[in-house]
2 protein chains.
Amino acid sequence: MKKRPTIRDVAGQAGVSIATVSKFINGTQRFSAAVERRIQAAIDELAYHSNPLARSMITGKTGSIGVVILDILNPHFTNIVKGANRIALEHGYNLLFVDTEESQARESDLIAALSRRVDGLIVSTRMPQEDLPGVLALGKPVVFSGRVAPEGSVSIGIDAYAAAYMIGELLVKQGHRKIAYVGFAPARPDQERIKGLTDSLAAHGLAPTRFEAQGPTLAEGERVCSTVLLGKGKPDAVVCYNDLVAIGFMGVATTLGIRIPEDLSVVGIDNIPFGRFTSPALTTVDTQSEKLGEEGMRLLLRLIAGEDPPAPGHTRLEPRLVLRDSTRVRLAEASPGPAPKARRRAG
Amino acid sequence: MKKRPTIRDVAGQAGVSIATVSKFINGTQRFSAAVERRIQAAIDELAYHSNPLARSMITGKTGSIGVVILDILNPHFTNIVKGANRIALEHGYNLLFVDTEESQARESDLIAALSRRVDGLIVSTRMPQEDLPGVLALGKPVVFSGRVAPEGSVSIGIDAYAAAYMIGELLVKQGHRKIAYVGFAPARPDQERIKGLTDSLAAHGLAPTRFEAQGPTLAEGERVCSTVLLGKGKPDAVVCYNDLVAIGFMGVATTLGIRIPEDLSVVGIDNIPFGRFTSPALTTVDTQSEKLGEEGMRLLLRLIAGEDPPAPGHTRLEPRLVLRDSTRVRLAEASPGPAPKARRRAG
DNA sequence: GGCAAAAAGGAAATCGTTTTCCTTCCCCCG
DNA sequence: CGGGGGAAGGAAAACGATTTCCTTTTTGCC
């Protein structure tokens, strides 16, 4: 592991000063053909690449963007990263990545440390609202993703209220009456979803029964399933915090002999790719995860460039209902259900 | 956005030299209680955090690890990142992340640029074998993941030959005879899989029919499905390059009215979490993705520390068969297949 | 009380660049 | 032929730390 060549080596080899080399590399100034040729030759010969750290010290730009993600295993976040990465790459930026799942407590510290190494941050976690000002005080441009951020900051997210509202509308229209909602208890990041669902049901004189998962994961969906199904007043539809929970839920429900959608409708939120391949295919709401990452990165790049973002404050992406096979139309109150497995006798 | 305090500010505030502050921060030297108290007070008051870039320039350590991944949307790679991230975090390292999918051509350049900002690299892509020496010449420790790397370098991966071999054994034992393999044509990263499957079938006088997908994705699995099923000599089992391809394949096959596993067995490789939730649940081989990331990172950290890695050369992780419902025992050659669901009559 | 040795703290070089002035040098024109 | 002006290239000061010597003080001990 021999030391890498420095600009000084190049200058020596080419017989010019380091200032000249620097200016040549950056295209700051033109030089005589002879000099430029010598410099280029020296660079090639030594396989010189300038040290980005040293450059950063001077320019104050690092060329990387920090991306703080709750859990990379969740395809929703994976998609965000994918979109953000694409845009960043197009603009010559790298992604410095932090998955905070394991260390919620250290989150603020991690972000603070990270902030020195990047030109800006995309923060997409469930960090408590009161910690946000600390992130903003870091002195780097920040875009919050997936939540509405405090006054004066920039954020982007799906319209979760609308998403939940359209799910409520769908289910009611399909004839469901006893609708359960499986939410995400710690940190309550689902206020808007709850409100959207509650409002839509209320318009029809209904209200959701609420259940709590401990996290937005497959495992929690599985765990919470029996709680929901064994409780009093079995629901005829379940709205899950996200697709992961919904998929886990469906898996266990099926194992328990519940037929979906005949016995029970299930709806998720996010539209992760695998929702198409579950049995039945999952009805959900598309949250445009990848676009979220792309647009978030675009906003951030503008912030970094010192331009006013095209959309200061909170940018809302429109959700889109994705109707598949895990929900179905139900007959009014008492449906006979012809097939071998007749089940319903509401009162 | 006011400027952040420097070590000079702290020194001034505390009435000591910057050398003293530096030594205090790094614990390099002890000072009198009075001085230490003043320094600490100054640090707190100014909310000083040392600039990692400046520190890196001197120490030559950056505190980040570069992770180069083919496609973050593939849960296999996501798991690798997750595992690597966990270990890195435990050791105080960040992850600098590159998803190269969009820019295979620029891959080498991206890595070269990245290499200056990190203390080591984990490379998990399909980069052509002849480009690997270039990566090694970067002068940073590298661990290649998911492939066998050149002499003198460190790599880690599943034993793909064994994985494919055990799939072949399983299928033959279950009575399958016409076995198709859906591989990954560009860059042929599946040599070992092909060989393992071929060898296992050959032991029973059989040979796989090969089909090519253009990428290891859901979409390619879907696309290739009709090709496989419409060709002459329909197979009774399909082995897919990975779970993604298998899941896409199963989705389309089901749509086409093929019953799995009654009409056709399907096997994947990787054991991604969603394989449990497809219909039917996917038989696969676990490639320990997360452990791959963890162990890869451990190897790299040892390399960085200058210690001999516990396992120089190539480390093989053992695959493990995960038998689920997408494969089933078949009767000898011509199976009548009586009633819709009755199927078994071993003998 | 005197002297050596250890403790405490600081000056300055350094890491590899960028960038802001300068200094030359050359050419052209009156 | 002299002088003005631009072109070409270089010197040196940053950037914000770490680290290697030093120079002072203390302290310990006889």
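Every chain is numbered from 1 and lettered A, B, ... according to where its sequence line falls, protein lines coming before strand lines. In what follows, every heavy atom counts, from backbone to side chain, and hydrogens, waters and symmetry copies are set aside.
- A pairwise comparison of heavy atoms in A/S64 and B/R117 identifies OG-NH1, 3.7 Å as the closest pair.
- Taking 4.5 Å as the limit, every side-chain heavy atom of B/V154 sits out of range of all side-chain heavy atoms of B/H314.
- Here A/S22 lies in heavy-atom contact (under 4.0 Å) with a base.
- Considering only the side chain of B/Q29, C/dA8 comes nearest among C/dG16, C/dA8, C/dT14.
- Interface residues of residues 34-57 of chain A facing DNA chain D, ordered by number: A/V35, A/M57; criterion, heavy-atom separation under 4.0 Å.
- The distance from atom OG of B/S124 to atom CD1 of B/I69, rounded to the nearest 0.5 Å, is 4.5 Å.
- Scanning for ring pair (Phe, Tyr, Trp, His ring centres under 6.0 Å) contacts around A/Y48 gives an empty result, with sequence neighbours left out.
- Interface limits on DNA chain D: the 5'-most and 3'-most nucleotides within less than 4.0 Å of chain A heavy atoms are D/dG9 to D/dG16.
- Legend: salt bridge (charged side-chain N to carboxylate O under 4.0 Å, His left out) pairs involving residues 61-75 of chain A, not counting sequence neighbours, sorted by first then second residue: A/D71-B/K82.
- A salt bridge links B/R298 with B/E295: the distance from a Lys NZ or Arg NE/NH1/NH2 to an Asp or Glu carboxylate oxygen falls below 4.0 Å.
- OP1 or OP2 of C/dG9 lies within a sub-4.0 Å distance of a side-chain N or O belonging to B/S32.
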Do A/V123 and A/V143 pass the side chain to side chain contact (heavy atoms under 4.5 Å, CB included) test, and can you show the C-alpha distance, the side-chain angles, and the key distance before you say yes or no? CA-CA 6 Å; A/V123 176; A/V143 170; over 6 Å; no
Name each donor-acceptor pair under 3.5 Å that joins a side chain in residues 7-15 of chain A to protein atoms two or more places apart or in another chain, with its distance.
unit_1	atom_1	unit_2	atom_2	d
A/D9	OD2	A/T6	N	2.8
A/Q13	NE2	A/E45	OE1	3.0
A/Q13	NE2	A/E45	OE2	3.0

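- Taking atom CD1 on A/I18 and atom P on C/dT19, their separation rounds to 13 Å, with Å as the unit.
- Residue A/M127 comes nearest to A/R147 through the heavy atom pair O-NH2, 2.7 Å, listed as atom of the first residue, atom of the second, then distance.
- Under the side chain to side chain contact (heavy atoms under 4.5 Å, CB included) test applied with A/M297, the options A/I156, A/L292, A/I87, A/I80 reduce to a single match, A/I87.
- End-to-end axis angle of the helix from C/dG1-D/dC30 to C/dG30-D/dC1, from C1' rotation axes over five pairs per end: 50° (rounded to 10 degrees).
- Atom CZ of A/F24 is separated from atom P of C/dT19 by 17 Å (rounded to the nearest Å).
- A straight line from CD1 of A/I7 to P of C/dT19 spans 11 Å, rounded to a whole angstrom.
- What separates CZ of B/R30 from P of C/dA7 is a distance of 13 Å, to the nearest Å.
- Both B/R116 and B/K23 lie near DNA chain C, and the one whose nearest nucleotide falls closer to the 5' end is B/K23.
- Considering every non-hydrogen atom in both B/I65 and B/L301, the closest pair reads CD1-CD2, 4.3 Å.
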